[in-house]
Protein chains: 2
Amino acid sequence: MNKEDKKHYEAKSEIFKALSHPTRLWIVDQLADGEKCVCEFVDKLDVDFSTISKHLSVLRHAGIIVSDKRGKQVYYSLQVTCVLSFMNCVDAVLESIRN
Amino acid sequence: MNKEDKKHYEAKSEIFKALSHPTRLWIVDQLADGEKCVCEFVDKLDVDFSTISKHLSVLRHAGIIVSDKRGKQVYYSLQVTCVLSFMNCVDAVLESIRN
DNA sequence: GGGATATTTGGTTATTATACCAAATAACAA
DNA sequence: TTGTTATTTGGTATAATAACCAAATATCCC
């Protein structure tokens with residue numbers, strides 16, 4: 001693996017890392033049918049809001065979601081919707097393990 | 001998020017974790033066009049073979065690849081080929097960040 | 001059996017990720 | 001301006017990952 005390849009795979013792995021947390025996958029699913037306010041996540045999860053904020057930050061920095069501040073609230077939405085279609089693939093992996 | 005959902009997302013995140021390393025993504029790409037012997041990875045990478053073996057183990061436990069021992073050598077191949085199509089999506093993310 | 005090769009496993013250490021709390025910032029309302 | 005709500009950022013302790021070396025295992029050849 002040469003230097004250029006290495007950079008390429010490092011960048012790619014950052015995307016996967018961003019998706020490597022149950023809470024963040026849940027967030028992605030929540031955004032599947034449109035934007036959501038941070039406050040909605042806070043209500044539905046039993047973790048500190050600072051924790052949620054950091055998860056959102058990870059996804060945003062990876063380029064998977066984008067934020068939009070309107071008034072006091074911040075709305076997030078999916079930037080890269082092909083992530084959703086990969087979820088089906090992941091489910092297939094889980095199925096194949098189970099059987 | 002209820003208990004069942006939590007388990008589901010935890011399982012899912014394990015798949016992503018397995019793909020969250022440059023070397024492991026490289027391995028997946030290497031397997032795109034068919035099975036490869038561990039020794040081939042050892043030759044092409046500049047890391048300890050025990051490290052490679054552990055990366056292969058991570059991918060195998062996640063159900064992404066399968067191993068087949070023939071003689072002294074172990075051959076690995078992709079079990080879940082839809083992973084490859086997601087790579088295009090990931091590349092799209094990278095593109096969108098770059099621009 | 002004994003030696004050589006291929007791969008995995010265990011141990012140790014360094015780096016990275018995560019959660020919570022507390023404090024900071026931003027926007028709006030009184 | 002002061003208070004209130006929404007969200008982010010910084011600090012810190014703990015847990016998970018990853019790399020290397022050394023040792024174990026498995027297979028083949030003599």
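Numbers restart at 1 for each chain; the letters A, B, ... are given by sequence-line order, proteins then strands. Fair warning: this is a prediction, and the values are worked out from it, not measured in the lab.
- Criterion: ILVMFWY side-chain heavy atoms under 4.5 Å apart, direct or through other members. Under it, B:L78 and B:V58 are not part of a common hydrophobic cluster.
- Among the protein residues, A:S50 comes within range of the nucleic acid bases, having at least one heavy atom under 4.0 Å from a base atom.
- Residue B:K12 comes nearest to A:V90 through the heavy atom pair CG-CG1, 3.3 Å, listed as atom of the first residue, atom of the second, then distance.
- Within 4.0 Å of B:R60, counting heavy atoms only, lies no atom of the nucleic acid at all.
- Relative to the ring axis of B:Y75, B:R70 places its NZ or CZ within 45° and under 6.0 Å from the centre.
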Determine, step by step, whether A:H55 and A:T51 satisfy the side-chain hydrogen bond (donor to acceptor under 3.5 Å, both in side chains) criterion, reporting the C-alpha distance in whole Å, the side-chain angles of both residues, the deciding distance to 0.1 Å, and the verdict. CA-CA 6 Å; A:H55 282 310; A:T51 302; over 6 Å; no
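- Residues A:L31 and A:V28 are not in side-chain contact: their nearest non-hydrogen atoms beyond the backbone lie 4.5 Å or more apart.
- Close to C:dA17, at under 4.0 Å from its OP1 or OP2, lies no side-chain N or O of A:H55.
- Contacts of B:V47 with the nucleic acid, taken as non-hydrogen atoms under 4.0 Å apart, involve only primed sugar atoms and P, OP1 or OP2.
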* **Derivation and outcome, side-chain contact (heavy atoms from CB on, under 4.5 Å), residues B:D46 and A:M1** => CA-CA 8 Å; B:D46 195 27; A:M1 182 154 51; over 6 Å; no
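- In this structure, CD of A:E10 is placed 16 Å from P of C:dT15, rounded to the nearest angstrom.
- Of the side-chain N and O atoms in A:R70, none sit less than 4.0 angstrom from OP1 or OP2 of C:dA27.
- Put simply, A:L45 and A:V38 are part of the same group of oily side chains (I, L, V, M, F, W, Y) that touch within less than 4.5 Å, one to the next.
- In the hydrophobic clustering of ILVMFWY residues, with side-chain heavy atoms under 4.5 Å counting as a link, B:V47 and B:L59 come out together.
- In this structure, A:E14 pairs ionically with A:K17, as a charged nitrogen and a carboxylate oxygen lie closer than 4.0 Å.
- In this structure, the NZ atom of A:K17 is 8 Å from the P atom of C:dT16, given to the nearest Å.
- Note: the hydrophobic cluster containing A:V74 also contains A:L56 (ILVMFWY, side chain heavy atoms under 4.5 Å, direct or indirect links).
- Between the axis at the start and the axis at the end of the helix from C:dG1-D:dC30 to C:dA30-D:dT1 there is an angle of 20°, using five pairs per end and rounding to 10 degrees.
- A single hydrophobic cluster is seen to contain both A:W26 and A:L94, as judged by linkage of ILVMFWY side chains at heavy-atom distances under 4.5 Å, directly or through other members.
- Contact footprint of chain A on DNA chain D: nucleotides with an atom under 4.0 Å from a non-hydrogen protein atom, first to last in 5' to 3' order, D:dT5 to D:dG11.
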Polar atom pairs between nucleotides 3-7 of chain C and protein, under 3.5 Å, N or O only, would you list them?
{"from": "C:dT7", "atom 1": "OP1", "to": "B:V74", "atom 2": "N", "distance (Å)": "3.2"}
{"from": "C:dT7", "atom 1": "OP2", "to": "B:C39", "atom 2": "N", "distance (Å)": "3.0"}

